[in-house]
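Take a look at the structure set out below.
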Amino acid sequence: MKPWMFAVILAACANTTGGDRFDFPLGIAGPVDFAAGQPFATDFADEVTLTKATVHVGGVYLNRSQPLSGAQAQACVMQGIYDAEMTDGADIDALSPTPQWRTARATSGQAVTAEVWLNGGDVNALDDETLVVDLAGTASQEGQAYPFVAQIHIGKNRLVPPSDPAQPGMNPPCKLRIVSPIAVDFDLAAGGKLLVRVDPRKWLQNIDFHQLPPPQGASNLYKIADDNNTTAGIHLFNDVRAREGVWTFSWQPAGN
Amino acid sequence: MNSKFLRRSVLGIAALAIVVAASPLHAQPLPADLTPSALPEPPTETGDKVMDLTVRGVAKAKSRGNADFDIDVGKLHEVPRQNATELLKLAPGVMLTNEGGEGHAEQVFLRGFDAREGQDIAFSVGGVPVNESGNLHGNGYADLHFVIPELVQSVRVVEGPFDPAQGNYAVAGSAEYELGLGKEGLAAQVGRGSFDTTRALVLWRPEGRSAGNFAGAELYDTAGFGQNRSAQRASAMAQIAGNSGKAGLWRLGASLYTDRYHSAGVIREDDYLAGRKGFYDTYDTHQGGDVQRIGLWASHETHEAAFGARNTLWFTWRTMRTLENFTGFLLDAQEPTQNLHVQRGDLIDRNTDVITTGLSGMGRFRWKWLEREQGIELGYFARADHASGTSYRIEAATQAPYHLDTDLSSTLGDIGLYGDLDLKPMKWLAIRGGARADAFTFDVLNNCAVQSVSHPSKTNPPGDASCLSQEAFGNYREPTQRSTTSAMAFLPRASLILGPFAGTTASLAYGQGVRSIDPQYVSQDVATPFARAQSLDAGVRFVREWEAWKLSARVSAFQTTIDKDLVFSETTGSNVLGGGSTRRGLLADVRLTGKYFDQAINATWVRATFDATGLLIPYIPPVVVRSESAGLFAFRNALFGDAIETSGALGLSYIAPRPLPQGEVGDTVFTADMRIGVAWRGWQLTGSAQNLFNSQYRLGEYNYASDFHSQAEPTLVPSRHFAAGAPRTFMLELRFRMGGEP
């Protein structure tokens, strides 16, 4: 090929349509300043220690836009362009600061919204048997010890009946399984990596252990119900899915 | 369409061909040398030689300069082609793709335009417009598969809106197919090839009649390469032409066409690379479509020394169905009024019925001034389209429609007038052009105008219904909404042609073109229901003829802007209106023709960008190169007695990597197609190979979000997709011809 032909082709390719595709490592872990057995206080408990805190993350997504209102707020999949995704589910030990790494795909650009999907099956399915959260520990509240366990599944047990019979789809199950929108602000570029940390301490901030029903049978463990029928069960579920404080995203550009 | 309909259609087509072939032609024979391709041509671009000759035939249009390619297919008919659309490759800058299957119209890229399936190119066959106004798949959709390639005698491609006769959709340009059969007699051909492909063809031209008298019928059946690409089609075309009065010619024609096909659609690149899908696989075996088309046309044309006129009347009925799935399971968002559901599938089932009636004509006056022939042409164009279309979403699990996206009934009118001057103030100067005015009218009835309601009735909830009969707070309203509007477009066009000087002619052309708006976008009294393009072309052409050779070479620079470009949307499976855009480029084209060979090569470079951002327009190939070669050689052998003719043809295409959305860049495409043949007496045996080197190329490339359930969680980030190009395909064909000159 003649040099001028190369020049013509290069000139044609000098510009782009915007963006750039690449893969990057995405790690998910517990807080860096926290570990199993390390006590912490909540709004109700004087001291809580966790011996187990796992969370199943189905996927992680980043989007270039924020949901505005109306239909966009309703939809589980946002209208804007998703610029990164991790679709390989992982069970994360939230008591370990060591990330579990996955490969994620991205197109370069700014990310302003993050989503964490807490599902194992179809995110729109009515039911899902996946164990999303498995929690165990001991809380001390006003001098009384509360050894406790909690599990969360997000299936029919968490469905919210519609308040308006004319809108049977107003509370779709996918909205229960997607933590969104989580505000982020960074520029995705090739060579970087993303670290997602989940803080299980925040999950228990609003649990009033005094209100937990007493242990049943031979067990001495207090159990936070896996449904919407108890205050503790609702608080734990909502705080696992809190858009602020629980899930933090940090982008490390290439070279950092 | 069911197989019963197909059988009936095939029988009908065969019957039509037999009737036309068997009917005594009352037409008076035309001298063979007055066929369209053999009409006397002016010796130069400026045509300053006055011919006092009464010519009976189809008038050739005056050249509009370097962007005007009047292509006599000639020996290049030998180059293997899948269909008549591929003849467009003889014009520079054309790239064709097809993600929709054998019966789906080709997507045309021309001079930096993604003209989709004709939305930005005005197609006509035998003077009859092909673009369908109001087609839901794309306003201006033009499917040329009904044209039997062997019946195409010439193609005129004008790469820009430079001729006042060019009407709606001539944004990137226009392509006019002229029909005719070069050889007299009856020819029967049968071919058998790769992937269980069978093609049978019958062609007939009465002896002593002009090329405009013909009948042809084609049957085609293939299992298709890879998965889900089978197709069956049948087509018949017939035309009779005769003399009328002293210098008149009339033509009467009909065509029938039916097609049923499956389509593989697109494959995600990551699924292919991970081995989850093969290169020629499919995600959804329900993709495909059906087409039926009936066309009737009649024309009368007269050419006397000072006056010429032509009138054409046509009727076209066409119905088509396409089933396409670009995104898998992504678009079925839960609406509050709907019952809870999962993603049910994004297969689009789109149906369109279009009836078009129209007439066009012109009168051309010639006079002498400054001892040179001058001319003026006044023309008219009128068409009415009634289109009805629906677009459903199909549930993957049950194949039942679950949502009606669109239901439109449109009546569209387009009446245009033009004036076209042809002045030659000097021997070396021609000024051609004038202006065109088109009036567009739109009457669109949206049968599904209300698809959501903010505060639905609690006593009569809409549920899963697609078309609602209520508005906010449950107040009743009819689900329909009619919108009407109209507008006038004034389109100046002019060409300046200088020369020839030692065989060299320079030209400069300017023109404006329009594309009427898709009825989906019509709202009541919208101000300008069309997109306007402005085009500029400047170039030089060299033509020289020797006794046995003819050389034609040209180079051009061009620029076109459009205020409302079309950009492919995977969510609708069609193009949607975008912002303004500009493309600038260069092209070169050379054709060398001899008695025994024909060589054409062209190359185009273009840079197409959005005006608002300066970013490249996705999918537009920056460089397209095409070479076509054909050669004939005859020799005598004592053993066989009569001469044995051998032929060979080669077509080469190069397409530079295309820019894709999100900064992606497509792959290079290079394909080679070859045919060799031998003919003896009335027999001809040919063997062809398309994609000779069996390159695994991506015919269509895209970058968007889809979710075909190939990974554990939905894939929402834009990803590379491709529609696979055909692998190496062999075809062996045997033709026998009776009658006519050997």
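Residue numbers begin at 1 in each chain, while the letters A, B, ... track the order of the sequences. Note that the structure is predicted; figures quoted are calculated from it, not measured.
Cation-pi contact between A:Arg158 and A:Phe237: present, with separation from the ring centre below 6.0 Å and deviation from the ring axis of at most 45°.
Contact detail for A:Ala225 and A:Thr230: the closest heavy-atom pair is CB-OG1, 3.7 Å. Closest of all the heavy-atom pairs between B:His721 and B:Arg268 is NE2-CG, 3.3 Å.
Contacts between B:Thr337 and chain A at a heavy-atom distance below 4.5 Å involve backbone atoms as well as side-chain atoms. Contact annotation for B:Thr715: both backbone and side-chain heavy atoms come within less than 4.5 Å of a heavy atom of chain A. At a 4.5 Å heavy-atom cutoff, the contact between A:Asn119 and chain B is made by backbone and side-chain atoms alike. In this structure, the portion of B:Gln711 lying under 4.5 Å from any heavy atom of chain A is its side chain and not its backbone. Only the side chain of A:Leu126 comes within less than 4.5 Å of a heavy atom in chain B; its backbone stays farther off. When heavy atoms are compared at a cutoff of 4.5 Å, B:His709 does not approach chain A at all. With a 4.5 angstrom heavy-atom cutoff, B:Asn703 touches chain A only via side-chain atoms. For chain A, the nearby parts of B:Ser719 are the backbone and the side chain; heavy atoms of each come within less than 4.5 Å. For A:Asp122, the part lying under 4.5 angstrom from a heavy atom of chain B is the side chain only.
Under 3.5 Å, the side chains of A:Arg197 and A:Thr248 contain no donor-acceptor pair of N or O atoms. A donor atom on one side chain and an acceptor atom on the other are not found under 3.5 Å apart for B:Tyr476 and B:Glu471.
Note: B:Phe708 and B:Tyr283 have parallel aromatic rings, judged against thresholds of 30 and 60 degrees for the angle between ring planes.
Among B:Pro714, B:Pro462, B:Ala705, the residue making the largest number of heavy-atom pairs under 4.5 Å with chain A is B:Pro714.
Between the side chain of B:Thr613 and the main chain of B:Leu615, a donor-acceptor pair closer than 3.5 Å is present.
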